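Here's the structure we're looking at; comments come further down.
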Amino acid sequence: MTFRALFLSTSFFLWEFSNSCTLSLSKVGDMITKPLDCSLKSSMRSLSTSCDSFTSSVDFSILSTRSSTTNNISFKMPSFLAQFLSATSFDISVNFNLAFCTALGRIPTPPPSLLWYFASRNKLVGDIPSSICNSSSLKVLSLWNNSFNGTLPECIGNLSSSLSHIDLWNNNFHGKIPESFAKYCTLQSFRINNNQIGGSLPRSLGNCKDLNLLDVGNNKLNDTFPNWLGNLDHLQVLVLRSNKFFGQMDSSDVTVSFSRLRIIDLSRNNFSGYLPTNFFKNLHSVRKGHENKLEPEYMEDVSDYIAFNYAYGLSFTVKGSKTEFQSLLTKWMVIDFSDNQFFGELPKTLGELHSLIIVNLSHNCLTGPIPSSLGDLSELESLDLSSNKFQGRIPTELTNLGFLEVLNLSQNNLEGPIPQGKQFDTFTNDSYKENLGLCGLPLSKRCDNDRGTLVKFDRDDDELNWKFSILMGYGCGLVLGLSMGYIVFTTGKPWWLIRIVERVQQRFTKR
């Protein structure tokens, strides 16, 4: 019997073996499973393993060994799971509602015929054993959210000819990424974010022609922008967030494509120079949009045995706050270049990426006007251009963005009236603060429509206006009275006035 999978995750997992040898699996953490057909001749039984039956943590420093005589496999495992060896797979799982039965100690040695190795969300420590290099059939290595503190085995690069997914994120790995990825690398996802890994991205990653997702965020990588990844025709998600990447993105001596890329996060690095116009032009997936389908499509690897959700736990800054995704729709389109040193004007070609949902270019040194072409981003839900040096007026075309929920234009040099109507009626002062030249609602400045100048107003405007009118009346009366008095005293009687008064008196006396 071939040993298929080792699950050491923290989700409830139920197996049901029927007489026809159909193995039904429920959702488990970062994996969505489906029925598995097998051809075991031995009697089947129903197995359910969870922490409901355990009252303490599983300590992998105390292990027993059992060999399978069927295919001469020898591997270590907890003694209480030895009864499950006759099954195709087994799971050491923890119900989400329980705080015990978490695997401790070092990682168990996998058997050579293992296909999937899931040991996520435990408290495993130490290095990844070099013996894992003997697992030449390994398809998935998922060890995320543990306490590993060693280096990445160099042989992982050699295993890339069989591995489809490597999930090592949220640990304490240090050192460098292995240099030698196989010539015929089959990796579809490579996630090592949230570790302490330094050095540079190995150019041999360019051998992984099927790579869909690369997340190396929150590490200590020190390198230039990997333009050479543009030759990966299947790359959809690229996350370089929070590292020490530097330099300009455009390179005249490198042909950049990135035609399938739809999510790119370069935030919190040291990139500089102009925003890459050619790069935006090549984002064909974002430009043409996502085809409307009857059912939502997620980033997952569907095989004969499982549907692996390899984007589980992916996080981005969405609408001003960090958001972690349990699953990721293929229609998500994101550009996050925030917290870098980009300068110059915003390319008009950005407005041609009609399917963008999130745009974050905040905390750079961008100048010039906000292009009106941004009003063509019909799917946009969040636009953050704050903490730059943008000038001029806010384009009225932005009111065409019917799905815009978050707008942040604060801390720029914008001026003129704020557009009104539609989504703009929902934004508060925080969207525009520290732009001294802006006027109109919701700010406490109103615009003079004739001259486009600013007029200060507040709740006491009406009171000030009538007081000012009264003062003007008193002033005019005082001037007129003083003038008449001066005439009387200097010219004697004003005979023209006396004659008018006498005529009025005569008319009244005749009546």
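We use all heavy atoms of the structure for the numbers below, so side chains are in, but hydrogens, waters and symmetry mates are not. Keep in mind the model is a prediction, meaning the values are calculated, not measured.
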Item to check | Heavy-atom donor-acceptor pair, Ser267 side chain to Asp339 backbone, under 3.5 Å | outcome: no
Checklist outcome for this item: Sequence neighbours excluded, the answer for side chain to side chain contact (heavy atoms under 4.5 Å, CB included) partners of Asp127 is none
Item to check | Partner residues of Lys389 under the side chain to side chain contact (heavy atoms under 4.5 Å, CB included) criterion, sequence neighbours left out | outcome: Thr367, Asn413
Checklist entry - For Glu379, which residues count as a salt bridge (charged side-chain N to carboxylate O under 4.0 Å, His left out) partner, sequence neighbours excluded? => result none
Checklist entry - Between Phe271 and Phe342, how do the two ring planes meet: parallel, tilted or perpendicular, split at 30° and 60°? => result parallel
Next on the checklist: According to salt bridge (charged side-chain N to carboxylate O under 4.0 Å, His left out), who are the partners of Asp384, at least two apart in sequence or on a separate chain?
Outcome noted: none
Next on the checklist: Taking side chain to side chain donor-acceptor pair (under 3.5 Å) as the definition, give me every residue that meets it alongside Arg262, ordered by chain and number, with sequence neighbours left out.
Outcome noted: Gln236
Next on the checklist: Can a donor-acceptor pair be found, under 3.5 Å and without considering hydrogens, that links the side chain of Ser373 to the backbone of Lys348?
Outcome noted: yes
Checklist entry - Is the shortest heavy-atom distance from the side chain of Asn158 to the side chain of Ser180 under 4.5 Å? => result yes
Checklist outcome for this item: Hits for salt bridge (charged side-chain N to carboxylate O under 4.0 Å, His left out) against Glu434, two or more places apart or cross-chain, chain-then-number order -> none
Next on the checklist: Checking side-chain polar atoms at under 3.5 Å, does Ser189 have a donor or acceptor matched by the opposite partner on His165?
Outcome noted: yes
Checklist entry - If only atom types and distance count, is the side chain of Asn195 paired as donor or acceptor with the main-chain N or O of Ile197 below 3.5 Å? => result no
Checklist entry - Does Glu300 offer a backbone N or O that forms a donor-acceptor pair with the side chain of Asn309 under 3.5 Å? => result no
Checklist entry - Got more than 12 heavy atoms from elsewhere within 6.0 Å of NZ, Lys220? => result no
Checklist entry - Are a donor atom and an acceptor atom from the side chains of Tyr432 and Asn412 found within less than 3.5 Å of each other? => result no
Next on the checklist: For a quick test of reading the model, state the closest non-hydrogen atom pair linking Asn388 to Leu366 and the distance between them.
Outcome noted: OD1-N, 3.0 Å
Next on the checklist: If I compare all heavy atoms of Gly230 with all of Ser257, which pair ends up nearest, and what's the gap?
Outcome noted: O-CB, 3.2 Å
Next on the checklist: Has Asp376 got a side-chain atom pairing as donor or acceptor with Leu374's backbone, closer than 3.5 angstrom?
Outcome noted: no
Checklist entry - Roughly how far, to the nearest 0.5 Å, is the CD1 atom of Ile418 from the OG1 atom of Thr396? => result 13.5 Å
Checklist entry - From Leu213 CG over to Arg191 CZ, what is the distance, rounded to the nearest 0.5 angstrom? => result 6.0 Å
Next on the checklist: Asn171 vs Ser147, test: side-chain contact (heavy atoms from CB on, under 4.5 Å). Steps then yes/no.
Outcome noted: CA-CA 5 Å; Asn171 281 285; Ser147 298; 5.5 Å; no
Item to check | N/O donor-acceptor pair under 3.5 Å between Asp210 side chain and Thr186 backbone | outcome: no
Item to check | Centroid-centroid under 6.0 Å between Phe316 and Trp332 rings | outcome: no
Next on the checklist: Phe190 vs Leu205, test: side-chain contact (heavy atoms from CB on, under 4.5 Å). Steps then yes/no.
Outcome noted: CA-CA 10 Å; Phe190 184 51; Leu205 266 176; 4.3 Å; yes
Item to check | Verdict with supporting geometry, Arg203 and Asp223, salt bridge (Lys or Arg N to Asp or Glu O under 4.0 Å) | outcome: CA-CA 11 Å; Arg203 298 303 187 265; Asp223 202 352; 3.4 Å; yes
Item to check | Side chains of Leu441 and Gln420 in contact at under 4.5 Å (non-hydrogen atoms) | outcome: yes
Item to check | CG on Asn219 to CD on Gln196, rounded to 0.5 Å | outcome: 7.0 Å
Checklist entry - Do Leu238 and Ile263 come within less than 4.5 Å of each other through their side chains, counting heavy atoms only? => result no
Item to check | Note, Leu275 side chain near Leu346 side chain (heavy atom, < 4.5 Å) | outcome: yes
Item to check | Contacts of type disulfide bond (SG atoms under 2.5 Å apart), residue Cys365, not counting sequence neighbours | outcome: none
Item to check | For Ser204, side chain to side chain contact (heavy atoms under 4.5 Å, CB included) partners two or more places apart | outcome: Phe181, Pro202, Asn207
Next on the checklist: Does any part of the side chain of Asn408, heavy atoms only, come nearer than 4.5 Å to the side chain of Asp430, both counted from C-beta?
Outcome noted: no
Checklist entry - Do Tyr312 and Gln326 pass the side-chain hydrogen bond (donor to acceptor under 3.5 Å, both in side chains) test, and can you show the C-alpha distance, the side-chain angles, and the key distance before you say yes or no? => result CA-CA 5 Å; Tyr312 179 87; Gln326 302 298 310; 3.3 Å; yes
Next on the checklist: Please report the interatomic distance OG(Ser285) to CG(Leu353), rounded to the nearest 0.5 Å.
Outcome noted: 11.0 Å
Checklist entry - Yes or no on side-chain contact (heavy atoms from CB on, under 4.5 Å) for Phe258 and Leu235, after CA distance, side-chain angles and deciding distance? => result CA-CA 7 Å; Phe258 293 105; Leu235 188 62; 4.2 Å; yes
Item to check | Value rounded to 0.5 Å, distance of NZ in Lys209 from CD in Gln188 | outcome: 15.5 Å
Checklist entry - Shortest non-hydrogen contact from Pro395 to Ser372? => result CB-CA, 3.9 Å
Checklist entry - Quick one: side chain to side chain contact (heavy atoms under 4.5 Å, CB included) partners of Ser136, sequence neighbours excluded? => result none
Item to check | Check: Asn218 main-chain N/O paired with Asn193 side-chain donor or acceptor under 3.5 Å | outcome: no
Checklist entry - Is there a donor-acceptor contact under 3.5 Å from the side chain of His174 to the main chain of Asn149? => result yes
Next on the checklist: With a 3.5 Å distance limit and no angle check, can you tell me whether Asp425 reaches the backbone of Gln423 through a side-chain donor-acceptor pair?
Outcome noted: no
Item to check | Closest non-hydrogen atom pair between Asn270 and Gln341, with its separation | outcome: OD1-NE2, 3.8 Å
Next on the checklist: For Phe279 and Phe225, take the angle between the two ring planes, folded into 0 to 90°, and tell me which bin it lands in: parallel under 30, tilted 30 to 60, perpendicular over 60.
Outcome noted: perpendicular
Item to check | Where Lys244 and Asn222 come nearest, the two heavy atoms and their spacing | outcome: O-OD1, 3.4 Å
Checklist outcome for this item: When rounded to the nearest 0.5 Å, the distance separating CD1 of Ile192 from CD1 of Ile166 is 9.0 Å
Item to check | Counterpart residues, ring pair (Phe, Tyr, Trp, His ring centres under 6.0 Å), relative to Phe403 (two or more places apart) | outcome: none
Item to check | Asp336 side chain near Thr317 side chain, heavy-atom distance below 4.5 Å | outcome: yes
Checklist entry - Is there a donor in the side chain of Asn269 and an acceptor in the side chain of Asn340, or the other way round, less than 3.5 Å apart? => result no
Next on the checklist: With a 3.5 Å distance limit and no angle check, can you tell me whether Asn231 reaches the backbone of Leu229 through a side-chain donor-acceptor pair?
Outcome noted: no
Checklist entry - What residues, two or more places apart in sequence or in another chain, satisfy side chain to side chain donor-acceptor pair (under 3.5 Å) together with Ser242? => result Arg268
Item to check | Note, Leu240 side chain near Val216 side chain (heavy atom, < 4.5 Å) | outcome: yes
Checklist entry - Under the salt bridge (charged side-chain N to carboxylate O under 4.0 Å, His left out) test, which residues partner Glu179, sequence neighbours left out? => result none
Checklist entry - Quick one: does Ile394's side chain get under 4.5 Å of Asn435's, heavy atoms only? => result no
